[in-house]
Asker: 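Here's a structure for you.
Convention: sequence-line order gives letters A, B, ...; per-chain numbering from 1. Scope of the values below: all heavy atoms of this structure, side chains included, with no hydrogens, waters or symmetry mates. The structure displayed is predicted, hence computed values, not measured ones.
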Amino acid sequence: MDAELILRSVLILGGVGLVFGLLIALANQKLKVWEDPRIHDLEELLPGTNCGACGTPGCHAFAEGLALGEQEPVGCTVMGPDDINDVAEYLGVDAGEANRRIARLLCAGGSRQAVQKSDYAGVDTCKAASVVAGGGKGCTWGCLGLADCEVSCTFGAIYMNDDLLPVVIPELCTACNDCVVSCPKDLYVLMPVSQELIVQCKNLIDGDAAEDLCSVACTACGKCVQDAESGLIEIQNGLAVIDYDKNELANPKATSRCPTGAIIWLEGAQFQESPSELRMEAI
Amino acid sequence: MSALLSFKSGVHPPDEKAITAGIASRRLPFPDELILPLSQHLGAPAKALVQIGDRLQRGDMLAEASGFISAPIHATAAGTVKDIALWPHPNGGSVEAVRIKVDPYSTQQTRPRMVPRWEDLEPSQISDAIREAGVVGLGGAAFPAFVKLNPPKDQKIEVLLINGCECEPYLTSDHRVMLERAEQVHTGIRILLKGLGITKAVVGIESNKPDAIEAMQKAAPTDLDVSIQPLQVKYPQGAEKMLIKAVTGKEVPSGALPSVVGAVVQNVATVAMISEVFETGLPLIERIVTVTGRGIKKPGNWVVPFGTKLRDLLDQCGGLTDDAEEVVFGGPMMGLAVGNLDVPILKGTGGVLVLSKDECKQQEVMPCIRCGRCLEACPIFLNPQKLGSLARVERYEEMVETHLNDCMLCGCCSYACPSNIPLSQLFAMSKNQLRKISS
């Protein structure tokens, strides 16, 4: 093999490379899309969990919204107050009005409170159990306690207590909606922490029939309706329903005569009357 | 004799029919209370026409159909409406139900009725009468029966197939219908043939019921093209699409109805019931239910009024044995486990199976070894192995692309799986989740 051949190949390949390189350099100049450099910086400041709790598809989209002024820093429910301040300072804007929401379970009928009519044996997820005679619980609306929500929670904010009820740790919950989607009985709602009066029941049966199934069921007796400010609570289809548009009227008095404790005044986490060692571990 | 007709794939579970096949059906005494859910059929729930305190005679309509695919519901015994409220349903939810306190002094005679001669009716009048009588498919799915008499105008129906396969293990209610009511089944076939405007019918019966084949052959008419076709014993021979494939050789395309290949399928018990509607004028208020399994003291076949609580029926059969473990509505392959003994017997309940501890030993679930037995078993050629692994990780949309919607939950894959993976439960769960997502 002679030297000329080697030289020629090097030149041809090098030349081709040079031409394409120039083309790419040209394209880079001509077809450039300008992006606000702050978006990149903001994304660095955001938690990067892409949980979607803010209502955008992920952290990049939220950062774009921030840069355009369409989002407020408090829109991110995952960041703590310090991180939100960092973002607000970087943008030189106000952090915004925080209306923090967390997930609440509308059932307090755990293994000690609710009647089990039959035992389920099989794939141990709530979703699988709910297609086998509804899971075997007497109350067909109640929590099955097989922890689909605990598994679904990205932030480790849910643990199962001794009654096999999921407890949402308010400090860790980001209202990302994952537990809401995971629950086959649709027992979770995301609600502002300012809504402290809660009916922890979804059972539509009323009277003794409801209490026979669960000791903490709403029996639709109507005592809370009388005790609360007028118009705040209404009995609908065998369940006390709170009109949260009138939340400022709410006070703990409504819970005072509830015979089963289905309606409660809640500050902090749910189901604290049965503390668990797990909670200690989780925090 | 040439090989018996059948379809590809399927499984051969032990049939266990000897427990009740030889026991003639008997009428169950009327219970004290009846629970009649407004949703006993596929489609929209019926709309209640009665109020608390109303007195009803046996056979009176108490709820009307509320849409095209819906069915009215009738009082199954004379009594007083006690309550209209939510009641546990065998599917695990709670649905609106009419509770009737049965009048203990009533003779349970029905009101005198005008019964039109079906021979003089137009096809549309036959369909309307079947609709008014609340007749639904008694094979299990409880699909309103009149709908099948009104196929799309552009599809020509050539043959009426009567499903006497009863391929589910343990169940013998259809078997008893064919033995005890063969004449009625044939009258029903005549009525349906008139309603459809055709002359050809084939009754498919699995060859493990030679006495039923003989009884049906003996009663067969000579003036019509009605033949009795023995079929190979294989599960799920009684599935609509499998029966069509076995008898006509045609395959119903994915997502299509049997009318596409010119066939209409009705279960033998439904056909016998249709004949009764035109004989007595009575609507659908009772059916033969097989109570069987090794967890019940006195298994048998019973004529049960709908709305009878499971508890009352089991008491009538001597109660549960000490090692009774699980109660199932339907057969062991497709039946639904029941979680509450207060649920009522519904139009679609052909059997109550009480399994003993030995019969429902829970097997340890092992990882999939990719042996392909589920693929060989699936009668509609799906890939249960792939569907199962997608279900485990909740990738439901991909399951739809893998034809989950064609799955009829027959349970062949679960039965065939050497690793005991509960595939059909996972598919039922996925279908449930998909319904939830789309709503």
Asker: Look up atom CG in A/L204 and atom OG in B/S94, then write down how far apart they are to the nearest 0.5 Å.
Answerer: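 One finds 8.0 Å between CG of A/L204 and OG of B/S94.
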Asker: Determine whether more than 12 heavy atoms belonging to other residues, nucleotides or ligands lie under 6.0 Å from atom CG of B/D32.
Answerer: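 Atom CG in B/D32 is not packed in, count stays at 12 or less.
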Asker: Looking at chain A, which one of B/G93, B/C360, B/P88 has the largest number of heavy-atom pairs inside 4.5 Å, strictly under?
Answerer: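 Heavy-atom pair counts peak at B/G93.
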Asker: Which residues in residues 363-370 of chain B have any heavy atom lying under 4.5 Å from a heavy atom of chain A?
Answerer: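 At a heavy-atom separation under 4.5 Å, chain A is reached by no residue of residues 363-370 of chain B.
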Asker: Atom CE in B/M429, atom SG in A/C126: separation rounded to 0.5 Å?
Answerer: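 One finds 11.0 Å between CE of B/M429 and SG of A/C126.
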Asker: Is it the backbone or the side chain of B/E394 that comes under 4.5 Å from a heavy atom of chain A, or both, or neither?
Answerer: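 When you check distances to chain A, only side chain atoms of B/E394 fall under 4.5 Å.
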Asker: Atom NZ of residue position B/K47 - does it have more than 12 heavy atoms of other residues, nucleotides or ligands inside 6.0 Å?
Answerer: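 Check fails, neighbour count at 12 or below.
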Asker: Show the nearest heavy-atom pair for residues A/P184 and B/Q433, with the distance to one decimal.
Answerer: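 Where A/P184 meets B/Q433 most closely, the heavy atoms are CB-OE1, 4.2 Å.
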Asker: Check whether B/A337 gets within reach of chain A through its side chain, its backbone, both or neither, counting any heavy atom under 4.5 Å.
Answerer: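 Contact with chain A is through both the backbone and side chain of B/A337.
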Asker: Suppose a student defines contact as a heavy atom less than 4.5 Å from any heavy atom of chain A. Which residues in residues 415-425 of chain B would they list?
Answerer: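 Checking residues 415-425 of chain B against chain A gives B/P422, B/Q425.
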Asker: Tell me, out of B/G92, B/S430, B/A428, who's got the most heavy-atom pairs with chain A below 4.5 Å.
Answerer: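 Maximum pair count with chain A is reached by B/G92.
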Asker: Hey, is CZ on B/R373 packed in by over 12 heavy atoms from elsewhere, all under 6.0 Å?
Answerer: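 No.
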Asker: Hey, which of A/D206, A/D186, A/D119 has the most heavy atom pairs under 4.5 Å with chain B?
Answerer: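 Result: the option with the highest number of such pairs is A/D186.
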Asker: Is the count of non-hydrogen atoms from other residues, nucleotides or ligands lying under 6.0 Å from A/Q236 atom CD greater than 12?
Answerer: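 Counting other residues, nucleotides and ligands, CD of A/Q236 exceeds 12 neighbours.
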Asker: What is the distance from atom OG1 of A/T140 to atom CG of B/N91, rounded to the nearest 0.5 Å?
Answerer: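 Output value for this atom pair is 9.0 Å.
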Asker: Locate the shortest heavy-atom distance separating A/A133 from B/G339; write the atom from each residue and the value.
Answerer: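 So the minimum-distance heavy-atom pair works out to CB-N, 3.3 Å.
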Asker: Please rank A/G136, A/A121, A/A129 by heavy-atom pairs under 4.5 Å with chain B and give me the top one.
Answerer: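 The candidate making the most pairs under 4.5 Å is A/A121.
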Asker: Are side-chain heavy atoms of B/N432 and A/S130 found at a separation under 4.5 Å?
Answerer: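 The answer is yes; the side chains approach within 4.5 Å.
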